[in-house]
Amino acid sequence: MTTASARFPHLRQDFAASLVVFLVALPLCVGVAVASGVPAELGLVTGIVGGIVTGLMRGSSLQVSGPAAGLTVLVFEAVQKFGLPVLGVLVLTTGVLQILMGALRLGRYFRAISVSVVEGMLAGIGLVLIAGQLYAALGAKAPAAGPDKIIGLPEAFADAFGSTRGLASLALGAGTVAVLVLFKRLPRAVRSVPGPLVAVGLATAAALVLDLPVATAEVKGLVDSVQPPSLSAFGELTSVAVLGTVVAFTLIASAESLFSAAAVDRLHDGPRTQYDRELLAQGAGNAVCGLLGALPMTAVIVRSAANVQAGARTKASRVLHGVWLLLFAALLPGVLGYIPIPALAGILVYSGAKLVPVRAIVSLWREHRGEALILVVTAVSIVAVSMFEGVLIGLALAVVKTAWEASHIRLEVIDKGAGPVEAYLSGNATFLRLPKILDSLEALPQDRPVWLDLSGLHHLDHACRTALENWAARHSAVGTEPVRVTAA
């Protein structure tokens, strides 16, 4: 056994997996960057940092990080509102907060976030992403607001059908989606090449051979595209709107990364994710991306799943994939200029559709309608208002639902017609159900003794205890035998 094989026993598997992940990541990095309203190279920069910097750190050994479709909408809004120079400040601050949360061992607590809120968040992002990228697929400019994007789609389609450029863009976009949908049905030998690469390759070839009048990705040099934030840009952190965006970046990127880690753990039998260290790794990656003025990163389930399925065994595969991205961006950047924008839009429309958990909604509606309602309301709120407010609405609904369920209480009254009336309270007696409790107790006969049994209560808060004592005093004051209370 050679020295290299002794030190890196899984190098062959990791090397092969890194090439697969590179081919999956390449079109996604470019597509996410273009959809975010930033130069295409910045998507590659984030992919490189996600592979080399985050990939070298401990946390989730087979999870791959890079620019994610889940943050596209929020990044686009931030760039439009604050400008590209401020993006680096937002991402750097996000990374610092993630490092702080990881150091404080808060990573594990992200698993306590309601799954319905997270799925609703991703569904809302998916809907806005689909609506926005349909305009790119039609060769049209998308409105800024989420509702306007959806309302304006019929007119955009009508305009596209009336122009050669629009029809060509639509054909390439629709063809890209069709390739991605049908790709899983092809023979295994064909599927050894990543679907997104095949779709973009075919669209690029069609655009060149047929000389189609469609927009293509604009390319600059990798070094020229890197713009570290200036000192004056950090002054924007005094703005409440900027701070709100940082909080949204931090929460969404952290939650998406850690939920992705949990999903990746289910795909392999290797070492489990160390959530706090993974949060530290994500924070370090985002801090570097911020210093370079690049896109924020998250763990990406598409790349991570491809990494596992390609046979990766250690973190070497994700580090190598970052190296391949760096070499491509440094040596062959001109290739990106041939990629049609509608093809990238098609990839993101397909990715956005996968974020909308239609089957999960149907299943939840059958078994847990409250959770389904939270999911739908969160998604609709994100589309109708904004990302941050939509997530807050979803979290508030989840808290209200939990409080409502936690305050469930049952009152059983046994009245034998003579003697004392027996009343049994069970469940959780909180101020939320106090009106119901008092209405039921005050409806008991005033001229009969009452035995009130509280031993079945799991919780009795101060407000309820005080109200029950006051009711017992009033009931006992009318000349009947005093209320007999069995304590909780």
Side-chain angles (χ1 to χ4, degrees), residues 104-120 255 258-259 262 275-276 360-378 391-488:
L104 294 174
R105 303 177 63 83
L106 299 179
R108 69 194 71 181
Y109 293 106
F110 275 87
R111 290 179 291 175
I113 297 176
S114 169
V115 175
S116 296
V117 174
V118 175
E119 289 186 339
L258 297 182
F259 274 101
Y275 286 91
D276 297 319
I361 295 174
V362 173
S363 177
L364 278 176
W365 185 255
R366 292 172 181 168
E367 301 175 9
H368 306 284
R369 294 195 173 185
E371 295 294 330
L373 182 63
I374 291 172
L375 192 159
V376 172
V377 170
T378 302
V391 172
L392 289 180
I393 290 171
L395 288 173
L397 271 179
V399 170
V400 169
K401 176 181 176 291
T402 301
W404 182 262
E405 291 179 346
S407 66
H408 179 73
I409 190 167
R410 181 169 179 264
L411 175 64
E412 181 181 2
V413 177
I414 300 177
D415 186 355
K416 299 178 180 178
V421 177
E422 300 174 15
Y424 298 89
L425 275 174
S426 58
N428 297 287
T430 68
F431 69 94
L432 294 172
R433 296 299 179 93
L434 189 53
K436 176 183 178 181
I437 298 171
L438 290 179
D439 287 344
S440 300
L441 291 176
E442 288 171 354
L444 297 177
Q446 294 288 328
D447 57 348
R448 302 265 297 283
V450 174
W451 293 354
L452 180 60
D453 189 341
L454 306 180
S455 61
L457 291 177
H458 304 301
H459 174 71
L460 176 62
D461 68 11
H462 179 70
C464 276
R465 185 181 295 277
T466 302
L468 290 175
E469 290 173 352
N470 291 337
W471 168 80
R474 291 196 306 272
H475 190 89
S476 303
V478 296
T480 60
E481 181 180 327
V483 175
R484 183 189 301 176
V485 179
T486 302

Taking all non-hydrogen atoms of both residues into account, name the closest pair between [X] and [Y] and its distance.
X      : Y      : value
Asp415 : Pro445 : OD2-CG, 4.5 Å
Trp471 : Leu441 : NE1-O, 3.5 Å
Ala398 : Ile374 : CA-CD1, 3.7 Å
Cys464 : Asp461 : N-OD1, 2.8 Å
Leu425 : Leu452 : CD1-CD1, 4.3 Å
Leu444 : Ala423 : CD1-CB, 4.5 Å

Begin with the C-alpha distance, continue with both residues' side-chain angles, and end with the deciding distance and a verdict on side-chain contact (heavy atoms from CB on, under 4.5 Å) for Ile414 and Glu412. CA-CA 7 Å; Ile414 300 177; Glu412 181 181 2; 4.3 Å; yes
Just jot down the side-chain contact (heavy atoms from CB on, under 4.5 Å) partners of Trp365, sequence neighbours excluded, or say none.
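side-chain contact (heavy atoms from CB on, under 4.5 Å) check on Trp365 returns Arg369, Ala372.
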* Asked: What residues, two or more places apart in sequence or in another chain, satisfy side-chain contact (heavy atoms from CB on, under 4.5 Å) together with Glu469?
  ->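 Listed in chain order: Arg465.
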Between His368 and Ser363, is there a donor-acceptor pair closer than 3.5 Å when you use the side chain of the first and the backbone of the second? no
- Task: Apply the test side-chain contact (heavy atoms from CB on, under 4.5 Å) to residues Ile393 and Val377: give CA-CA distance (whole Å), side-chain angles for both, the deciding distance (0.1 Å), then the verdict.
- Result: CA-CA 8 Å; Ile393 290 171; Val377 170; 4.0 Å; yes
> Taking it one step at a time, do Leu411 and Ile437 satisfy side-chain contact (heavy atoms from CB on, under 4.5 Å)?
Replying inline: CA-CA 8 Å; Leu411 175 64; Ile437 298 171; over 6 Å; no
* Yes or no on side-chain contact (heavy atoms from CB on, under 4.5 Å) for Leu454 and Thr486, after CA distance, side-chain angles and deciding distance? -> CA-CA 6 Å; Leu454 306 180; Thr486 302; 5.9 Å; no
Quiz item: Heavy-atom distance under 4.5 Å between the side chains of Ile361 and Leu375, does that happen here?
Solution: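 Of all side-chain heavy-atom pairs linking Leu375 with Ile361, at least one is under 4.5 Å.
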[atom2] on [Y] to [atom1] on [X], rounded to 0.5 Å:
X      : Y      : atom1 : atom2 : answer
Leu395 : Thr378 : CG    : OG1   : 7.5 Å
Lys401 : Glu371 : NZ    : CD    : 4.0 Å
Leu468 : Leu438 : CG    : CG    : 7.0 Å

